[in-house]
Amino acid sequence: MVDVPHRPPARTVRLRPVGDGELELQYRMVHGYRRAFRMAGEGPALVLIHGIGDSSATWAELIPDLARTHTVIAPDLLGHGASDKPRADYSVAAYANGVRDLLTTLGIESATLVGHSLGGGVAMQFAYQFPERTERLILVSAGGVGREVNPVLRLVSLPGAHLMLSALRLPGARLQVGLAVRLMKALDTDLGQDAPDLLHLVDALPDDTSRNAFIRTLRAVVDWRGQVVTMLDRCYLTQGMPTMLLWGDRDSVVPVRHAFGAHEAMPGSRLEIFEGAGHFPFHADPGRFVALVEEFTRGTAPADWSREHWRQLLREGRPGGLRERAVGRELREASERSAT
């Protein structure tokens, strides 16, 4: 069943104010690398994981409201934002390990994970690697549940991408791109919905180090054929874990049909579609987004993980029938590569 409410659910009562100082970046050294993060509020832990090329700043408008009822932790993933950008492993599995290690240094044993785009893939990988530390999953326009992805990202995964990204920062190129963006918006295209946010990601790559980290991250999950990492083969393991998917119906980066495929593959999941929104539904309608997160975390119990239940799910494997055939087809299209 797909829930598409006509109006946002009722908001919770403000429990505590969040000071401006809580929203400032903080830093921890983990394995010798500086990890930047924002941390605010009190209550059950809520981890916000941004997408590729982005940073914790993407959540800035939402953090004060979410921190009324939660301890919110929003990291800058390694290679992003104000975190260090070494020549390192930028796979989703490595990112899941990094999130675990940061949470451990902060004294957070378990949390609800909210992941956007690449961050959705990281959240799913975290739940797969550390189910005992995952209370709920909220996946926002998540990668890793289908092969399709915007052709621009496939292009950037090719050799020569560094030169292309550098050229986009030239004044003349920016003018031309700006004109194209305005045209796409005037024509009401799906890419026009997302273009301003996507260009902001390019602006967040000011130097060679940042661009190299971006390209290494992208190539870990995308090639010229599309997404090369999938979690569809193990989505059945979310059985018993409260999971909500949030998607814009005009997403030009990860098509909304991926939301329906993931919903089908995740037993008991909930799907919410943001009509008229693109790849950043939490930017398009932050009020509804916050209300849904609050409602979902308040109305569901944390996952009760047990070793025996995990063992049983693994032994039984994926369910059969139409869903099995659909998942099998998606796996073949994803080059049979998965996030292990």
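Nothing fancy with the numbering, it's 1 onward along the sequence.
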Taking side-chain hydrogen bond (donor to acceptor under 3.5 Å, both in side chains) as the test, write out the residues that go with [X], two or more places apart.
| X | answer |
| --- | --- |
| His50 | none |
| Arg136 | Thr112, Thr300 |
| Thr104 | Arg133 |
| Glu308 | Arg311 |

Output the distance between atom [atom1] ([X]) and atom [atom2] ([Y]), rounded to the nearest 0.5 Å.
| X | Y | atom1 | atom2 | result |
| --- | --- | --- | --- | --- |
| Leu139 | Ser117 | CG | OG | 11.5 Å |
| Thr69 | Leu46 | OG1 | CG | 8.0 Å |
| Leu137 | Arg270 | CG | CZ | 15.0 Å |
| Leu106 | Arg28 | CG | CZ | 5.0 Å |
| Leu271 | Met244 | CG | CE | 10.0 Å |
| Leu232 | His258 | CG | NE2 | 9.0 Å |

I'd like to check [X] versus [Y] (side-chain heavy atoms, cut-off strictly below 4.5 Å). Are they in contact?
| X | Y | answer |
| --- | --- | --- |
| His80 | Tyr95 | yes |
| His279 | Ser252 | no |
| Phe274 | Leu292 | yes |
| Val114 | Leu66 | no |

Where [X] and [Y] come nearest, the two heavy atoms and their spacing:
| X | Y | answer |
| --- | --- | --- |
| Ala45 | Ile108 | CB-CG2, 3.6 Å |
| Ala96 | Phe130 | O-CE1, 3.7 Å |
| Glu135 | Met241 | O-CG, 4.3 Å |
| Val140 | Pro281 | CG1-CG, 3.6 Å |
| Val254 | Ser141 | CG2-O, 4.1 Å |
| Thr134 | Ala303 | O-CB, 3.8 Å |

Which residues satisfy the side chain to side chain contact (heavy atoms under 4.5 Å, CB included) test with [X], sequence neighbours excluded?
| X | result |
| --- | --- |
| Asp76 | Leu25, Ala36, Ser55, Ser56, Ala82, Ser83 |
| Thr71 | Met39, Ile73 |
| Gln312 | Glu316 |

Practice item. State whether the side chain of Trp305 and the backbone N or O of Trp310 hold a donor-acceptor pair below 3.5 Å, judged by distance alone. Key: no
Check your understanding: Are any side-chain N or O atoms of Arg68 and backbone N or O atoms of Asp65, one a donor and one an acceptor, separated by less than 3.5 Å?
Key -> yes
Review point. For Glu132, does the CD atom have more than 12 heavy-atom neighbours from other residues, nucleotides or ligands under 6.0 Å away?
Key: yes
Point to revise | ring-ring contact (aromatic ring centres under 6.0 Å, His included) partners for Tyr236, two or more places apart | key: none
**Study point:** Set of residues satisfying ring-ring contact (aromatic ring centres under 6.0 Å, His included) with respect to Phe37, sequence neighbours excluded
**Key:** none
Practice item. Dump the intermediate steps for side-chain contact (heavy atoms from CB on, under 4.5 Å) on Ile63 and Arg38, then the final yes or no. Key: CA-CA 9 Å; Ile63 291 175; Arg38 302 171 199 269; 4.1 Å; yes
Practice item. For residues 52-77, pull every pair meeting ring-ring contact (aromatic ring centres under 6.0 Å, His included), keeping only residues two or more places apart or in separate chains. Key: Trp59-Phe282
Check your understanding: Does the ring of Tyr128 carry Arg234 above it, NZ/CZ under 6.0 angstrom from centre and within 45° of its axis?
Key -> yes
Practice item. Please answer: with hydrophobic residues joined when any side-chain heavy atoms are less than 4.5 Å apart, are Leu77 and Val30 in the same cluster? Key: no
Review point. Do His283 and Phe289 have ring centroids that are under 6.0 Å from one another?
Key: no
Exercise for review: Sorted by first residue and then second, give each salt bridge (charged side-chain N to carboxylate O under 4.0 Å, His left out) pair with at least one member in residues 88-108; sequence neighbours left out.
Suggested key: none
